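Here the structure comes first, spelled out in C-alpha cells, and everything after it is commentary.
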Amino acid sequence: MIHCVAGREYREKISTLRGDFRNEERVSSNKLRPWTKSDFIPSPEDVFQERLYAIHWMKPRLSGRRFGYEFRSVSEADLSREQIVENQVAENLTEWQAKGWIPDMQIEPGEKTDEQSELRGGLIGTTSSIPRQLLLASLINRFSDARLKFGFTQVLNSNARLSRWSLGDGPGRSGGVKQVFDNQALNTLFNYGTRGSRFALDLVTPNLKSFPLPEAPTRIIACHGTS
C-alpha cells in the first residue's frame, strides 16, 4: 500500500498489513479474522475494509448509436442507496440462505481456495459477493425457473467480488466487468467491479441453441449416479 502523509510517501507491504507469520509448525498464517456465513461485509475490526470509490456512467451521444462514458466520484446519494441495499441483505440474509436463494456453504479446501483464505480471511459463499450482488442473485434465483438457471450461473460468474474490471480494447470502448473464472484459480482482487442490474440481467437470457427431440418414438432420458 502506498500513501502520503504531509507530502511524504510511505509504502507498506500487504503481507505486513495482513500480519503474516509462521506458527510453531512453521506453517504460514496471518492475523486476518476468518469470515462466517453471516458475514457479507467487513467488520469494523477487520484489516481489510471496502468502499465504493467510483461509478461508471453512460449516456447516449447526440448522434449515432454509441454512448458516452465517464467515471464519477461517489455522492452522498450513492452511498445512501448502497446503505439501503446493505440493510435489505442484513435483514433477510438468514432467510435467503435457508431457502437456498444465496449460498451459505464453506467453499471446499484446495490449493487455490486455501490461498484465498490466507489472503482475505476465509471463503464462505456469501464472501464472494457484495450486498448489491447478493440482492440481485436472491431475486433472480427466487423468481426464475429451470430454463433460466444457465443464465443465472453467468450472472454469478460475471458479477462477484472476484469479477475484474477489464479496460476497453479499442477507441470508444470503456471496458466492463468480466468473469470470475479466467482460469481455475479464485483470484483475489482489491479493486473488483460490479455490474448494474440492467447489464447483469442481460446475462440471464442468453441466446442458447435448442435441439428438440423427435416426437416419436417416445424418448426416455434417465440419470444415473454413483455413490
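Predicted, not measured: the structure shown is a model, and the values here were computed from it. Every heavy atom of this structure was used, including side-chain atoms; hydrogens, water molecules and symmetry mates were not.
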Is any side-chain heavy atom of [X] less than 4.5 Å from a side-chain heavy atom of [Y]?
X    : Y    : result
I55  : F71  : no
R18  : V47  : no
F40  : W35  : no
F199 : V177 : no
S138 : L135 : yes
R11  : M1   : no
V180 : R161 : no
S29  : F21  : yes

Check: [Y] main-chain N/O paired with [X] side-chain donor or acceptor under 3.5 Å:
X    : Y    : result
S163 : A160 : yes
N159 : R195 : yes
D39  : T36  : yes
D104 : A98  : no
S43  : D46  : no
E12  : H3   : no
Q133 : I130 : yes

Inset, instruction - Work out which heavy atom in Q49 is nearest to a heavy atom in P44; give both atom names and the distance. - result: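 Shortest heavy-atom contact: NE2-O, 3.7 Å.
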Legend entry - Which atom of W96 lies closest to which atom of Q88, heavy atoms considered: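 What the structure gives for the nearest pair is CH2-O, 4.1 Å.
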Inset, instruction - Starting from the C-alpha separation in whole Å, work towards a yes-or-no answer on side chain to side chain contact (heavy atoms under 4.5 Å, CB included) for K178 and S158. - result: CA-CA 5 Å; K178 301 300 181 181; S158 301; over 6 Å; no
Inset, instruction - State whether a side-chain donor-acceptor pair under 3.5 Å links Q83 with N87. - result: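 Yes, a side-chain donor-acceptor pair sits under 3.5 Å.
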Legend entry - Between CD on residue Q97 and CG on residue L134, distance to nearest 0.5 Å: 8.5 Å
Legend entry - Distance (rounded to the nearest 0.5 Å) between R51 CZ and L79 CG: 10.5 Å
Legend entry - Side-chain cluster (under 4.5 Å, hydrophobic types only) that Y10 belongs to, other residues: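 Members other than Y10 - counting any ILVMFWY side chain reachable under 4.5 Å - are V5.
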Inset, instruction - List, by chain and number, the other hydrophobic cluster members for I140, where Ile, Leu, Val, Met, Phe, Trp and Tyr join if side-chain heavy atoms come within less than 4.5 Å, directly or indirectly. - result: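 Answer for I140: L136, L148, F152, V155, L156, L201, L203, V204.
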Single-linkage hydrophobic cluster, 4.5 Å side-chain cutoff, [X] and [Y] together:
X    : Y    : value
I84  : V89  : no
I14  : L32  : yes
F181 : L162 : yes

Inset, instruction - Kindly check if the number of other-residue, nucleotide or ligand heavy atoms within 6.0 Å of CD (E24) is above 12? - result: no
Legend entry - Check ion pair K31-D20 (N to O, under 4.0 angstrom):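 Looking at D20 together with K31, the answer is no, because their closest N to O distance does not fall below 4.0 Å.
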Legend entry - E70/K59 ion pair, N-O < 4.0 Å: no
Legend entry - Mutual orientation of the aromatic rings belonging to H56 and W165 [parallel < 30°, tilted 30-60°, perpendicular > 60°]: perpendicular
Inset, instruction - Would you please test W101 and N92 for side chain to side chain contact (heavy atoms under 4.5 Å, CB included) and show each step? - result: CA-CA 11 Å; W101 296 336; N92 297 281; over 6 Å; no
